[in-house]
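Shown next, in structure tokens, is the structure this report addresses.
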Amino acid sequence: MSPGELVVVGVAVALAAMLQGSIGFGMGMIAAPVVALVQPTLLPATLVLLAAVVTTLTLVTDRQHVDLRGTGWALTGRVPGSVAGAAVVALAPDRVLALLVAAVVLAGTVITGLGWRPEPTKGALLTAGAASGLFGTATSIGGPPMALVWQGHHGARLRGTMSAFFLVGSAVSVATLAVAGAVDAEIMRAVLLLLPMPVVGFVLSRGLNRVLDPVRQRRVAIAVSVVGAVLLIGQQVL
């Protein structure tokens with residue numbers, strides 16, 4: 001990456017981490033379209049690894065509020081979904097992956113905006129976990145399915161539960177991506193260069209939680225995500 005590209009991606013990662021640290025998800029929805037526009041070869045592994053930093057910090061902070069039972073069922077579904085996602089990364093061209101990122105972002109914003117509230121039953125958690133594993137591994141955007149099924153959780157309960165799921169899920173995704181050959185030296189260099197940014201975003205999220213309603217944060221994030229997805233589709237199609 002050039003210095004200018006590094007700054008753009010770094011700012012996107014910090015803002016995305018600020019959102020994830022506040023509401024428990026959103027890292028990929030904001031950062032993935034930007035990375036796909038600037039340096040698509042970094043997807044999805046770079047964002048999966050950087051998101052693990054935010055989820056670790058959030059889990060340490062909100063560990064007492066984790067829904068362990070729900071997390072366990074969701075992770076059971078995450079494993080086969082991650083394997084399928086790694087297969088997509090290994091087989092699909094960069095252009096297809098970029099369009100898939102845009103499609104997942106748009107679908108995620110529609111689903112989260114509709115207000116549909118499925119009950120967090122065993123079957124729903126398994127299904128959402130599998131969908132999160134598939135899309136999280138293939139595009140780094142695995143939050144919307146889990147946010148949908150865990151809409152009844154709020155605040156620390158939502159952040160802690162989502163973070164527990166994503167921390168273990170990220171490890172599974174990275175392992176499957178590594179086996180598929182999608183974690184290389186370029187990815188690791190980018191992760192090292194960008195490593196401070198998710199920490200900055202997490203610190204900012206602590207202050208943001210005190211002054212801004214998480215619902216409003218989520219609406220802003222959805223709007224930003226849609227703009228990024230539309231720009232990404234335009235770049236790939238035109």
Side-chain angles (χ1 to χ4, degrees), residues 16-17 19-32 44 47-59 61-63 65-85 100-101 103-174 176 198 202 205 214-215 217-219 221-222 225:
L19 177 71
Q20 179 139 340
S22 179
I23 65 174
F25 78 103
M27 182 83 171
M29 289 183 69
I30 288 184
L47 287 186
V48 174
L49 286 163
L50 291 173
V53 177
V54 186
T55 54
T56 299
L57 293 171
T58 306
L59 181 58
T61 303
D62 298 318
R63 60 188 180 280
H65 304 279
V66 175
D67 175 1
L68 292 175
R69 177 183 173 279
T71 301
W73 284 116
L75 286 171
T76 302
R78 173 94 187 197
V79 175
S82 296
V83 173
L100 182 60
V101 166
V104 172
V105 168
L106 292 176
T109 57
V110 170
I111 290 171
T112 55
L114 285 176
W116 178 42
R117 290 180 174 271
E119 290 296 321
T121 61
K122 184 191 307 182
L125 288 165
L126 285 168
T127 302
S132 179
L134 170 62
F135 294 120
T137 303
T139 69
S140 76
I141 305 168
M146 304 317 306
L148 186 65
V149 80
W150 277 328
Q151 286 183 75
H153 293 343
H154 301 284
R157 177 78 162 173
L158 178 62
R159 291 193 301 269
T161 301
M162 293 279 272
S163 296
F165 170 79
F166 284 128
L167 184 59
V168 179
S170 295
V172 174
S173 293
V174 170
T176 54
F202 174 78
S205 75
V215 173
Q217 293 177 45
R218 186 171 170 178
R219 288 173 181 167
I222 287 174
S225 299

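FYI, the numbering just counts along the sequence from 1. Small disclaimer: the values here were computed from a predicted structure and weren't measured.
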Drop me the distance from Lys122's NZ to Thr76's OG1, to the nearest 0.5 angstrom.
10.0 Å

Are Trp150 and Thr71 side-chain neighbours, meaning at least one heavy-atom pair lies under 4.5 Å?
yes

Answer yes or no: is there a donor N or O on one side and an acceptor on the other, between the side chain of Thr58 and the main chain of Thr55, under 3.5 Å?
no

Ala156 to His65 - nearest heavy-atom pair and separation:
CB-CD2, 3.5 Å

Nearest heavy-atom contact between Ala17 and Val54 is CB-CG2, 3.5 Å

Is there a side-chain contact between Leu75 and Val79, using heavy atoms and a 4.5 Å cut-off?
no

Does a side-chain heavy-atom distance below 4.5 Å link Ser132 with Phe166?
yes

Where Thr176 and Ser82 come nearest, the two heavy atoms and their spacing
OG1-O, 3.7 Å

May I ask you to check whether Ser173 and Arg78 show a side-chain donor-acceptor distance below 3.5 Å?
yes

Would you say that Pro44 contacts Thr139 through its side chain, given a criterion of any heavy-atom pair below 4.5 Å between the two side chains?
no

Evaluate the criterion side chain to side chain contact (heavy atoms under 4.5 Å, CB included) for residue pair Ile141 and Val101; output intermediate values, then yes/no.
CA-CA 8 Å; Ile141 305 168; Val101 166; 3.9 Å; yes

Is any side-chain heavy atom of Val66 closer than 4.5 Å to a side-chain heavy atom of Phe165?
no

Spacing of CD belonging to Gln20 relative to CE belonging to Met162, to within rounding of 0.5 Å
7.5 Å

Closest approach of Leu167 and Ala52, non-hydrogen atoms and distance?
CD1-O, 4.0 Å

Does a donor on one side chain and an acceptor on the other come within less than 3.5 Å for Ser205 and Ser22?
no

Val149 side chain near Leu125 side chain, heavy-atom distance below 4.5 Å:
yes

Check Thr161 against His153 and note the closest heavy-atom contact, atom names and distance.
OG1-CD2, 4.1 Å

Note: Pro145 and Gly142 closest approach over all heavy atoms is CD-O, 3.5 Å

To the nearest 0.5 Å, what is the distance between CH2 (Trp73) and OG1 (Thr121)?
11.0 Å

Here's a test for you: under side-chain contact (heavy atoms from CB on, under 4.5 Å), which of Leu57, Leu50, Leu49, Thr56 qualifies with Pro198?
Leu50

